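In what follows, chains are A, B, ... by sequence order, proteins preceding strands, each numbered from 1. On a predicted model such as this, the values are computed, not experimentally measured, just so you know.
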Number of protein chains: 2
Amino acid sequence: MARRNQHSREELQGLAIQAVRELVVEKGLEKLSVRKVADRIGYTAGMLYHVFANLDDLILHANAATLDQLLGDMDSAADSSPARALHQMASAYLALAREQTALWQMVFMHRMQNAAPVPDWYQQKTAALFDRVERQMAGLATDHDPAQIHLAARTLWSGVHGIAVLAAQDKLVVAGDVDEQAMLESLLEHYLNSWAGE
Amino acid sequence: MARRNQHSREELQGLAIQAVRELVVEKGLEKLSVRKVADRIGYTAGMLYHVFANLDDLILHANAATLDQLLGDMDSAADSSPARALHQMASAYLALAREQTALWQMVFMHRMQNAAPVPDWYQQKTAALFDRVERQMAGLATDHDPAQIHLAARTLWSGVHGIAVLAAQDKLVVAGDVDEQAMLESLLEHYLNSWAGE
DNA sequence: ACCTGAACACCGTTCAAGT
DNA sequence: ACCTGAACACCGTTCAAGT
């Protein structure tokens, strides 16, 4: 058999992406396979290679949906004062790691095979994330030059990311005796205190 | 054939661990396989299951060597003043991520299969790392209670870890326009400034 | 044009059988 | 007791061939 034509190319992509997200939530990233994705949507594994370049490409597209969701959450915090906005953005970032651990892990822990470069469209999405932070930092300390703001934004957000890593790990590995939300507040308060000048 | 008996059980373990570390440095974690490890040391894959529980167990043992090296580097910084010791420890942590990226990645990015729990002996090694940090933090602010010191140590070190993640990523994915050493100094200076009270 | 299904080159893991 | 080698149940990926 062949030529079923029940779905357009775009519908097929959407179905596959949805299946990836479901499977990863149900069984975890390490159990994900092209064959299982194909099974779930009622096609063969070979078909997916007509619609995606390979498994990495498929995962990247599934991650794009998660990143868009995160960017949306972070944007809805942008109206508050810079300090409040940064707190809310960090909380949104941590919430994803805690509540959607598997999806968060797929975004931030998945490494490309063959050390293949991450495509441009994807890198732009992750760069957009740092931009949101930088913009708020700029509003917080108007006397700092752009290079200082760039460095501080990346420093602060690396810290937030590190806490999210710990939160995701603890949820998966061992229930830690840590309050990640408290760590987040400690980081933001003390770092910004000193950086923005009290 | 069988019963070659050229190596003791302990020698076999050492050979396998060494082969894992070499292979991961040469080809990366995603290319590592039980069969390749066995090939490199001149045995069959089956043999490794008489000496290790499975691939995760083998990787954990290889990671133990890296963690011991890191703990050693961090300990040799313990003589300085608390603030200087923390800077040196953080630099040692970052140096591992930058210079031994593949080994660092295997320690901090490898997830267990089947969501199996990380064994006790391994968790104690990673806990030892936080202990080193906590001890220095205690020396820095004698008026803070143990719970505050515990929280601050984990917060600061999550930040250091986040910067190391970024450094490893940039080295593998795309040469970033970031100076991670400067980020480290920014984090330590500002966080400790405010936390320890100016 | 769209999709299949078989094939290729791999995996981790187990375990009866050889010495 | 020590280790092999074959087997099992999987992988990602390709592509000639069917409709």
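Under the 3.5 Å distance criterion, the side-chain polar atoms of A:Glu11 are matched with a main-chain donor or acceptor of A:Ser8. Under the 3.5 Å distance criterion, the side-chain polar atoms of B:Gln124 are left unmatched by any main-chain donor or acceptor of B:Trp121. Put simply, the side chain of B:His50 never gets that close to the backbone of B:Arg9: no donor and acceptor are under 3.5 Å apart. One N or O on the side chain of A:Lys36 and one on the backbone of A:Lys31 form a donor-acceptor pair closer than 3.5 Å. Formation of a donor-acceptor pair under 3.5 Å by the A:Arg21 side chain with backbone atoms of A:Ala62 is found in this model. The backbone N or O of B:Leu151 lies less than 3.5 Å from a partner atom in the side chain of B:Thr155, making a donor-acceptor pair.
Residue pairs satisfying the salt bridge (charged side-chain N to carboxylate O under 4.0 Å, His left out) criterion with at least one member in residues 68-93 of chain A, sequence neighbours excluded, are listed as follows: A:Asp68-A:Lys125, A:Asp75-A:Arg132.
In this model, no donor atom of one side chain and acceptor atom of the other lie less than 3.5 Å apart for A:Asn193 and B:His190. Counted by atom type alone, A:Gln88 and A:Ser80 present one or more donor-acceptor pairs between their side chains at under 3.5 Å. A donor atom on one side chain and an acceptor atom on the other are not found under 3.5 Å apart for B:Thr66 and B:Gln100.
Between C:dA16 and D:dC2, the distance separating the two C1' atoms is 14 Å to the nearest Å. Rounded to whole Å, the separation between the P atoms of C:dA9 and D:dA9 comes to 22 Å.
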Pairs under 3.5 Å (N/O, protein and nucleotides 8-12 of chain C):
unit_1	atom_1	unit_2	atom_2	d
C:dC11	OP1	B:Ser33	OG	3.4
C:dC11	OP1	B:Lys36	NZ	3.2
C:dG12	OP1	B:Val34	N	3.2
C:dG12	OP2	B:Val34	N	3.0
C:dG12	N7	B:Arg35	NH1	2.3
C:dG12	O6	B:Arg35	NH1	3.4
C:dG12	O6	B:Arg35	NH2	3.1

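Partners of B:Phe108 under the ring-ring contact (aromatic ring centres under 6.0 Å, His included) rule, at least two apart in sequence or in another chain, are B:Tyr93, B:Trp104, B:His161.
Listed by residue number, A:Tyr43, A:Thr44, A:Gly46, A:Met47 are the residues of residues 37-47 of chain A with a heavy-atom contact under 4.0 Å to DNA chain C. Of the residues in residues 9-25 of chain B, not one comes within less than 4.0 Å of DNA chain C through any heavy atom.
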Intra- and interstrand pairs of DNA chain D - dot-bracket, Watson-Crick/G-U under 3.5 Å, | marks other strand
||.|||||...|||||.||

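Regarding B:Asp57, its CG atom lies at a distance of 10 Å from the P atom of C:dT13, rounded to whole Å. A straight line from CG of A:Leu48 to P of C:dC2 spans 15 Å, rounded to a whole angstrom.
No single ILVMFWY cluster, assembled from side-chain heavy atoms under 4.5 Å apart, contains both B:Val25 and B:Leu67.
Look at A:Glu26 and A:Arg40 and you find a salt bridge, because one of the NZ, NE, NH1 or NH2 atoms lies within 4.0 Å of a carboxylate O, short of that distance.
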